[in-house]
Each structure stands twice: as structure tokens, then as C-alpha cells.
**Q** 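Take this structure, written in C-alpha cells, and hold onto it; I'll ask about it next.
The structure displayed is predicted, hence computed values, not measured ones.
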Amino acid sequence: MAQSLFDSIEDLKLPEDRPKRSYKRVVLILAALIVAVGLGIGGYFGYYAMFPKKLTQRPVPMNMEKLLVELKDARDQIDGQTHEIHDRIQQFNQRMALIGHKPVSFSQVFLQSLNAEEQQTLDDLVRQEKDFTYRGILGQVVEDMKKIRDLQNKVTQLEGLLPGDGVDVKPGDTHMKLAMQYLEKDKGVPESRAKELISRLNIMETNLEKGMKAYFYYDPSKDFFGTWVAQGAASHSPLALVRAKEMRLIQEKDAAIAKANTLQDEKAQLEEMRDALQKEIAELETRKAGLESTVSQLELDKTKAEESARITGEKLAEHQNSVWYDADLAERLRARGVLKTINKVENIGEVKFANNIDLSKTKSITLKPSQFGIDHISDVRIVPTYLKEGRDVGVRFADDGTVEVTVLNEGALRGQKVLFVVSR
């Protein structure tokens, strides 16, 4: 039904308005989703922050810079944990000090992986307040390795200068012989030069004992040669042999002085006898003038007296210029008491020698195998040993087995006793 504009509006009904659309629920859902995603991501990163993966379980970095960052973080974590361990131990030890209990050392944390020496070293680092972190210990290790390398280089250099294990002394070896062999054969030094180097040293003149060791060192750049003898496995030391030789020389000197005094007395007696004979001759000559009838007898007496004086003078000269000697096999000489061994040193016994040569007439002695009941003479040893072959006495072996001994140093052998010990 149509209505006018002037009709009452109360009876009019307007169409209902469309309700407004609400977005609150959507916003709540989106907010919840965002919170859930944030919690998930945060929980993920929080979990791995509390329980990080091992380095070997993480993705491999694509460049060295990222790898170094990872390793530096891991090292800083190790150092931080090391400091925490140290501080915790300090807290505990302060508490233990108050109640009088034994403190804990830093090395006890690593007790299962460190030996006693390593524990002591680590405790010393802590006690000296040095850097005991991984970086500090690594630096200390590098420094110690450098010191060890330097010391090893020095040891190698010193070992190169050492004379080695020495030369084992064999029977019959002398210090001079071994020194010459070392310089000539091992170092290629000419003989004349080797003798010059050895002449500068105090070489042992006694025979060395088996088992001793001789050491040599030669530096041609410094023109230096050195040598010494050690006891080694021998029963006597080199000093003992030198002292024994000195004692023997003293005894021989005393014996020589006593013998010289005896010869001086004999000379005085002979001179007195000569004077007496000369006086007697003078008296005979006086008697000759007064006793012509007895001239013949007096002349005869004079001749006898002069001959006696001549013979006596010749005997005196021969005695002064003679070398007294004996020669035989060693066992026979010992059995006769001619050769004696005292403290392993051979000496001549107190016996008279029947053989002698006058050095004014001859200077050689010939030793034949037939004299000693053997077929061939293989060696001749000279006693006393201070008489050296080649210097004082020359020894030449002939093809027929005989040996000719020649006096080279008359001053050393005049009036001496010499023993030739023959070996078959």
C-alpha cells in the first residue's frame, strides 16, 4: 500500500543493517602461529646454545676464515673452562684451609692422563701464576721444543768433537805406536809431521797394559793433537805404571851411584898401586946404579912391574868401557835368578855377568840359535826396558836365524848390565 511522505514513521520498518566483519580471530591465530614459530626457532637455537654440536658434526665451512672463527671460539671455550676449573679449585682449597684438610692440586683434574712428572710441571705452572691455559701450555711446549732442538744441535756438535770409544790396547802396544798409527793411517798425516805433533805431548814411555784404552783427537784446522790413556779393563792405571817406572829408575840410579862410588874407590886403589910401583921402579933404578952386578935382575923386576901396571891400566880401561851382558831364554834366565819380575815389571837380578864387550874395540854382539839350543830366534827383548831399540840398541835379524845386536848409544850402555831375553 502506498504511503505518503506525511504518514507516521513509527509504523515504517527499515531493512536491518548487515553485521560488520570481525578480524580478531584471524589476528589471534596469526599471532599464535608467529609465537609458535618464534618459540620453535628460539628453542632450536637455545637448545644448541646450551648443547652445541661437536665441531665434526657441524656443516663444513666453505672457507678457511669461517673455520678459524669456529676453532678460535672452541679454543676460547677451553681456556674459559680451564679458568673456571682453577677458580673452583681455589674456592675449595680456601674452604679446606679453614678446616685444616688437604687441598686439591690443579693436576688432579687430569690425574688419569698425566704421569707424575707432568703433574708436577702443571702444578708448578699454577703455583708460579703462569698461563696454564691451552694457549699458554702450547706456547710453553713450543718454547721447550726450541730449547730441546738447540740443545740437540749443541750435543750433535760436541759429539762430532769426541774421540769415540778409544783404541783397545793389545799386548806389546805402546802409546807412541798407537799415536803414530792414528795420525798416519786414520788421519793421513805424513810420518815426519806425525812425529812433530807427538813430540809436543807427554807420551807414556812405558809399555801399556792389555785392556787399557787410548784416546786420540786431531783438529788440523787448529793444528792441535791430543791423546790420553785410560785404565779401561786393565788391572793397573796408567799412573800406577808411571810411578812403578819412576821407582825403578830411582833404584837404578841409586845402584849406578853406588857402582860409580865403587869404581872410584877401585880407581884410587889402582892409582895408589901405580904410584907404589913407580916408586918401586925408582928405587930399582937407584939400586941399578949401585948394583951393576944385579942389573939384569933389576931390569927384569922393572919389566914385570911395568907390565903389571900396564895390565892393570888396561883392565881398568876395559872395565870402564865394557858392556856386561847375558842372553838366554826367559824361563832359563828366571830359573838362574838373572831375570826377575816385580809388580809385573821385569828387572835384572843381583848376579854377576860373565860376558862383556869392550866398546873401544867392538860395538856388536852376535846371538846364535845354537847357543840356546833352538833352531831359530824369533824375537829379542831388552832389559832394562828403558834402553830403547833403535835409539840405544840396534837389533838385526839374519836369514840364518842369528841376531846381531849393535850398541848405538855408548853413553847409555857403558858400564851397564844388559839382558837379552830370547824367544824361540
**Q** State which residues pass side-chain contact (heavy atoms from CB on, under 4.5 Å) with Ile281; sequence neighbours excluded, sorted by chain then number.
**A**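 With neighbours one apart ignored, the set is Glu285, Lys302, Ala305, Glu306.
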**Q** Going by side chain to side chain contact (heavy atoms under 4.5 Å, CB included), Val421 matches just one of Leu329, Val338, Leu333. Which one?
**A**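 With Val421 as partner, side chain to side chain contact (heavy atoms under 4.5 Å, CB included) holds for just one option, Leu333.
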**Q** List the residues meeting side-chain hydrogen bond (donor to acceptor under 3.5 Å, both in side chains) with Gln416, not counting sequence neighbours, and say none if there are none.
**A**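 Applying side-chain hydrogen bond (donor to acceptor under 3.5 Å, both in side chains) to Gln416 gives none.
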**Q** Just checking Lys304: does its NZ atom have more than 12 heavy atoms from other residues, nucleotides or ligands closer to it than 6.0 angstrom?
**A**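 12 or below, so no.
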**Q** Can you tell me how far CG of Leu367 sits from OH of Tyr325, rounded to the nearest 0.5 angstrom?
**A**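 CG of Leu367 is found 7.0 Å from OH of Tyr325.
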**Q** Which atom names give the shortest non-hydrogen contact between Ala179 and Ile198, and what distance separates them?
**A**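 That closest heavy-atom pairing would be CB-CD1, 3.7 Å.
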**Q** Hey, could you give me each pair passing side chain to side chain donor-acceptor pair (under 3.5 Å) that has a residue in residues 264-276? Not counting sequence neighbours.
**A**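 Listed once each, the pairs would be none.
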**Q** Between Val403 and Thr366, is there a side-chain heavy-atom distance shorter than 4.5 Å?
**A**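 Contact flag for Thr366/Val403 side chains = no.
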**Q** Under the rule for side-chain hydrogen bond (donor to acceptor under 3.5 Å, both in side chains), what residues qualify as partners of Asp328, not counting sequence neighbours?
**A**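 Scan of Asp328 (side-chain hydrogen bond (donor to acceptor under 3.5 Å, both in side chains), adjacent residues dropped) gives Arg332, Arg336.
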**Q** Going by salt bridge (Lys or Arg N to Asp or Glu O under 4.0 Å), name the residues that satisfy it together with Glu350, two or more places apart in sequence or in a different chain.
**A**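 In terms of salt bridge (Lys or Arg N to Asp or Glu O under 4.0 Å), with neighbours along the sequence ignored, Glu350 is linked to no residue.
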**Q** For the residue pair Val169 and Lys210, establish whether any side-chain heavy-atom pair is separated by less than 4.5 Å.
**A**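 Contact flag for Val169/Lys210 side chains = no.
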**Q** Using the rule side chain to side chain contact (heavy atoms under 4.5 Å, CB included), only one of Thr402, Val422, Asp400 pairs with Pro369; which is it?
**A**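 Of the listed residues Thr402, Val422, Asp400, the side chain to side chain contact (heavy atoms under 4.5 Å, CB included) partner of Pro369 is Thr402.
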**Q** Decide side chain to side chain contact (heavy atoms under 4.5 Å, CB included) for Val418 and Leu413; before the verdict, give the C-alpha distance in whole Å, the side-chain angles of both, and the deciding distance to 0.1 Å.
**A** CA-CA 8 Å; Val418 182; Leu413 277 79; 4.1 Å; yes
**Q** Which residue pairs pass the salt bridge (Lys or Arg N to Asp or Glu O under 4.0 Å) test with at least one member in residues 194-204, sequence neighbours excluded?
**A**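 Listed by first then second residue: Glu191-Lys195, Arg193-Glu196, Glu196-Arg200, Arg200-Asp223.
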**Q** Could you pull out all residues at least two apart from Ser237 that satisfy side-chain hydrogen bond (donor to acceptor under 3.5 Å, both in side chains)?
**A**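 None.
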**Q** So Leu408 and Asp392, do their side chains get closer than 4.5 Å, heavy atoms only?
**A**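 Asp392 does not reach Leu408 side chain to side chain.
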**Q** Checking Thr286 side chain against Ala282 main chain: does a donor-acceptor pair fall under 3.5 Å?
**A**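 Side chain of Thr286 to backbone of Ala282, a donor-acceptor pair under 3.5 Å: yes, one is there.
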**Q** Please name the pair of heavy atoms, one in Phe372 and one in Ala327, separated by the smallest distance, quoted to 0.1 Å.
**A**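 Shortest heavy-atom separation between Phe372 and Ala327 comes out as CE2-O, 3.3 Å.
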**Q** Quick one: ring pair (Phe, Tyr, Trp, His ring centres under 6.0 Å) pairs with a partner in residues 171-196, sequence neighbours left out?
**A**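 Listed once each, the pairs are Tyr182-Phe216.
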**Q** Would you say Glu184 and Val189 make side-chain contact, with heavy atoms under 4.5 Å?
**A**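 No, side chains not in contact.
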**Q** Kindly give the heavy-atom pair with the smallest separation between Ile377 and Lys368, and that separation in Å.
**A**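 In this case the closest contact between Ile377 and Lys368 is CD1-C, 4.0 Å.
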**Q** Measure the shortest side-chain to side-chain distance between Leu339 and Asn347 over non-hydrogen atoms and say whether it is less than 4.5 angstrom.
**A**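 The answer is no, as the side chains (C-beta and beyond) never meet within the 4.5 Å cut-off.
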**Q** Short question: side chain of Gln94, backbone of Gln91 - any donor-acceptor pair under 3.5 Å?
**A**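 Judged by distance alone, no pair lies under 3.5 Å.
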**Q** List in chain and number order the residues that pass side-chain hydrogen bond (donor to acceptor under 3.5 Å, both in side chains) with Arg396, two or more places apart in sequence or in another chain; answer none if no residue qualifies.
**A**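 Here the qualifying residues are Glu404.
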**Q** Only pairs at least two apart or in different chains count here, so list each salt bridge (Lys or Arg N to Asp or Glu O under 4.0 Å) that has a residue in residues 409-421.
**A**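 Only Lys363-Glu410, Glu410-Arg414 qualify under salt bridge (Lys or Arg N to Asp or Glu O under 4.0 Å).
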**Q** Please lay out, stage by stage, how Lys388 and Val393 fare under the test side chain to side chain contact (heavy atoms under 4.5 Å, CB included).
**A** CA-CA 6 Å; Lys388 298 298 181 181; Val393 178; over 6 Å; no
**Q** Compare every heavy atom of Asn356 with every heavy atom of Ser322, then report the nearest pair and how far apart it is.
**A**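 Nearest heavy atoms, Ser322 then Asn356: OG-ND2, 3.0 Å.
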**Q** Any non-hydrogen side-chain atom of Leu183 less than 4.5 Å from a side-chain atom of Phe225?
**A**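 Side chain of Leu183 against side chain of Phe225, heavy atoms only: contact under 4.5 Å found.
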**Q** With the side chain counted from C-beta on, respond yes when Lys213 and Asp168 share a heavy-atom pair under 4.5 Å apart, and no when they do not.
**A**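 Heavy-atom side-chain distance check passes, below 4.5 Å.
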**Q** To the closest 0.5 Å, what do you measure between CD1 (Ile348) and CZ (Phe353)?
**A**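 If we round to the nearest 0.5 Å, Ile348:CD1 and Phe353:CZ are 4.5 Å apart.
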**Q** Could you grab the distance from atom OH of Tyr215 to atom OG1 of Thr227, nearest 0.5 Å is fine?
**A**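 Reported to 0.5 Å precision, the distance equals 11.0 Å.
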**Q** How about Phe420 and Val405: do any of their side-chain heavy atoms sit closer than 4.5 Å?
**A**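 Of all side-chain heavy-atom pairs linking Val405 with Phe420, at least one is under 4.5 Å.
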**Q** Are there more than 12 heavy atoms of other residues, nucleotides or ligands under 6.0 Å from atom CE of Met180?
**A**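 Count over threshold, so yes.
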**Q** Verify side chain to side chain contact (heavy atoms under 4.5 Å, CB included) between Leu208 and Leu178, making sure each step is shown before the conclusion.
**A** CA-CA 10 Å; Leu208 302 181; Leu178 295 177; 4.0 Å; yes
**Q** Which residues satisfy the salt bridge (Lys or Arg N to Asp or Glu O under 4.0 Å) test with Lys340, sequence neighbours excluded?
**A**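 Per chain and number, Lys340 pairs via salt bridge (Lys or Arg N to Asp or Glu O under 4.0 Å) with no residue.
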**Q** Report the distance from atom NZ of Lys146 to atom CG of Asp150, rounding to the nearest 0.5 Å.
**A**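 Here the rounded value is 4.5 Å.
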**Q** Could you report the tightest heavy-atom contact between Arg424 and Ile374, atom names first, then the distance?
**A**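 So the minimum-distance heavy-atom pair works out to NH1-CG2, 3.5 Å.
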**Q** Applying side chain to side chain donor-acceptor pair (under 3.5 Å), which residue pairs with at least one partner in residues 373-383 are found, sequence neighbours left out?
**A**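 Residue pairs with at least one partner in residues 373-383: Glu346-Arg381.
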